[in-house]
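Since the model is a prediction, treat every value here as computed from it, not as a measurement. Letters A, B, ... mirror the listed sequences (proteins, then strands); counts begin at 1.
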Amino acid sequence: MSRLPVQIRSSAPVRSTCLVIKDLTCRLGNYIQTLLGQNNQKVMDSVTLSVPKNKKFGDLSTNAAMVLAKPLSANPQTIAEKISGHIDQRWPEVCQVDVAKPGFVNFRLKDSFIRQGLSAIIAHGKDYGKNRSGEGKTVNLEYVSSNPTGHLHIGHGRWGVLGDVLASLYAANGYQVVREYYVNDYGSQVKNFVACAASLYLDHFGQSSDYPQDGYPRQTVQKALEAVIEKHGDAFLDDGRKVDTQGLEPAVVGAMVAEIKKTLSSMGVDFDVWFKESSLYAQNHFEKTVQMLQEKGLAYSREGALWFRSQKFGDNKDRVIVRGDGQPTYFASDIMYLLHKASRGFDLLVYILGADHHGYVDRLMATSRALGLEKTRLNIIIGQLVSLIKMGQPLKMSRRKGEIYTLRDLVQEVGRDAVRYFFADSSFDTPMDFDIDLAKQKSNQNPVFYVQYVHARIESILAKLDKRYTLEDVDISAVGLDTQTEREIAKLLLFYPDEVYRGCAGNAPYFLTQYLYGLASQFHYLYNHYRIMDQHAVHWGRLGLVLLLKQVLVNGLGILGIRAPRKM
RNA sequence: GCGCUUGUAGCUCAGCUGGAUAGAGCAACGGACUUCUAAUCCGUAGGUCGGGGGUUCGAAUCCCUCCAAGCGCGCCA
């Protein structure tokens, strides 16, 4: 199989920041292993070390004693005492270890340890938060992949943002990342679209023609055609009467793809690879693949068609790959595409599919199994759909008439930052309502502005000082942790790298928006209750903390692809 | 009919590899601008976690069942 010239985005050598929570969890795990004596993965997986919801339970907390109660057949309280003693003696970064009611072990981090952790922000700057957990691994993320026969709808925007942010998260975790868009430029839908375009093309040059009965909305086709005519004129008109569809097809499809690319780019969603389905059919790939499948006993003939044995590998039925008329089905392309991706050597293949395609999961997984790919290599994410709310009412759209509120309309109306924030702020499997009026509001109702406003406020303070202070001016030993607010902020900054890790591991970009919202909330509180500077003096400890916060905010917004404005 | 996803405050959603009093934001109500941007902050109120069973020290979380919503079940892509 031929290889496409795939550029893997080269990133600067990853500077690794230590993950506090992950590191401590790992250490706790080692100790528990010695208590257990034998390997018990189920127990180990249930042990958590996390930030307790209630502040009075300290900085971090573990449920280990309660999980161990059964396998050790001992009182959780007793085990908790034992764990507590161990942590107290052996963990230098910790102080005030307590045991609480059922068997929680709670403890506090030493201020000196927090300060030491914060110094990593100064050392790593814009790389603070990155880690090496994915070093040496490559990941391919494919998302959006909308057919070039229509405009992008709101749902595509959601997949676009989720895919893009997830890709950035993978990159921040040390993976080499390829962002890929699969262009369905092959098959009957495309032919149909081109037939529509050909009809309008004739119209344009004064020939009468019949528009296909079940054709695409004229408006959509017209738009793509205009771009073609502007560029090529009547070049696809033979003898002034007949359309050269061979030539028109790539031009029209190209125009549609260009339009799609432009829309996505306007919301900061850019791809490394635009993979054409048609390229899978070059150089007899299709015939060779079919032959290979038959040789391996994965395909058989029945009723004039060629079937893939997907049921044997977990699908609920076998699927046709070659139709009775000899034409390959869309699924045939899927198989070849999966093979192609695998042959490019990616360690991880992430597919983001819309909920309207979830029927594909089983056959895709079945294909992966049939072709012998490792189970963990394929990660299929199903994203639920988006409905629009305007003036408190759902926006009804008729796609047939072409009167739909497209993604382009949304980006234009709401703006790139708000669109990205809103889409990133929900988990994949929750059907989402997008409230257009809310996203447009420049007020306290809008979380995007709330977070961005932090940056503007900090910039405003910095502008008032005698010189442009940067991270290099921060004296870590002076950074204030005296008030509870300052200490909370410091801890949040310390845990940021853990958040980047978790967001990636859980395929959950919304961890980041939530984290940043929490950070913003702490900052606004600080800002309203404590002075960072006044006419007489600067509170250097606080200014230092604020400079550190600014860096983390910028890094987090960077992963989300949202701007950090200096003025608002 | 079968499958996937969802049902948590008036609204939008976290929490769902079982853990401490179920959390945020918006909306509502009451406060804070001579002071680094009030696009902010503080306070109050708001819940039979869709219903019902079960599993156990403990269930929003796991299992069963019922109800409701969205999507999907082509030799279309």
Spacing of the [atom1] atoms in [M] and [N] (rounded, Å):
N     : M     : atom1 : result
B:C63 : B:A27 : C1'   : 38 Å
B:C16 : B:C11 : P     : 23 Å
B:C66 : B:G3  : P     : 11 Å
B:C71 : B:U56 : C1'   : 36 Å
B:G46 : B:C4  : P     : 40 Å
B:A14 : B:G50 : P     : 13 Å

Sugar-phosphate, base or nothing in reach of [X], heavy atoms under 4.0 Å:
X        : answer
A:Gln452 : nothing
A:Lys56  : base
A:Tyr330 : base
A:Ser188 : sugar-phosphate
A:Asn54  : base
A:Arg363 : nothing
A:Ile532 : base
A:Ala355 : sugar-phosphate
A:His524 : sugar-phosphate
A:Asp185 : nothing
A:Phe428 : nothing
A:Thr329 : sugar-phosphate

Please evaluate the base of [N] for a donor-acceptor partner in the side chain of [X] within a cut-off of under 3.5 Å?
X        : N     : value
A:Thr430 : B:A14 : no
A:His357 : B:G72 : no
A:Asp425 : B:A14 : no

Give me the one residue out of A:Leu407, A:Val183, A:Leu152 that meets side-chain contact (heavy atoms from CB on, under 4.5 Å) with A:Ile260.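 When side-chain contact (heavy atoms from CB on, under 4.5 Å) is applied between A:Ile260 and each of A:Leu407, A:Val183, A:Leu152, only A:Leu152 qualifies.
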Going by purine N1 to pyrimidine N3 plus the second Watson-Crick contact, or the G-U wobble pair, all under 3.5 Å, which nucleotide sits opposite [N]?
N     : value
B:G46 : none
B:G3  : B:C71
B:C41 : B:G31
B:A9  : none

Would you kindly give the CD1-to-P distance between A:Ile382 and B:C73, to the nearest whole Å? 13 Å
B:C57 P sits how many Å from A:Leu68 CG, rounded?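 From A:Leu68 CG to B:C57 P: 16 Å.
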Report yes if at least one side-chain N or O of [X] is closer than 4.0 Å to OP1 or OP2 of [N]; otherwise report no.
X        : N     : value
A:Tyr527 : B:C33 : no
A:Ser387 : B:G70 : no
A:Arg302 : B:C75 : no
A:Tyr510 : B:A24 : no
A:Arg457 : B:A38 : yes
A:Lys53  : B:G19 : no

Residues [X] and [Y] bridged, charged N to O under 4.0 Å:
X        : Y        : value
A:Arg319 : A:Asp315 : yes
A:Asp334 : A:Arg363 : no
A:Arg468 : A:Glu459 : yes

If you check every side-chain atom of [X], which of [options] has the closest atom?
X        : options             : value
A:Asn106 : B:A20, B:G72, B:U37 : B:A20
A:Gln384 : B:C71, B:U5, B:C36  : B:U5
A:Arg323 : B:C75, B:U37, B:C36 : B:C75
A:Lys317 : B:C75, B:G72, B:A20 : B:C75
A:His529 : B:C42, B:C71, B:U21 : B:C42
A:Lys567 : B:C41, B:U37, B:C75 : B:U37

Ring centroids of A:Tyr517 and B:A24 base under 5.5 Å with planes under 30°: no
Can A:Phe57 be called stacked on B:A20 when the rule is centres closer than 5.5 Å and an angle between planes below 30°?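 Yes; centroid distance and tilt both under limits.
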Does the side chain of A:Glu180 come under 3.5 Å of the side chain of A:Tyr337 through a donor N or O and an acceptor N or O?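 Yes - a donor-acceptor pair under 3.5 Å links their side chains.
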Cut-off 3.5 Å, side chains only: do A:Tyr216 and A:Gln189 have a donor facing an acceptor? yes
For the side chain of A:Thr62 and the backbone of A:Thr48, is there at least one donor-acceptor N/O pair under 3.5 Å apart? yes
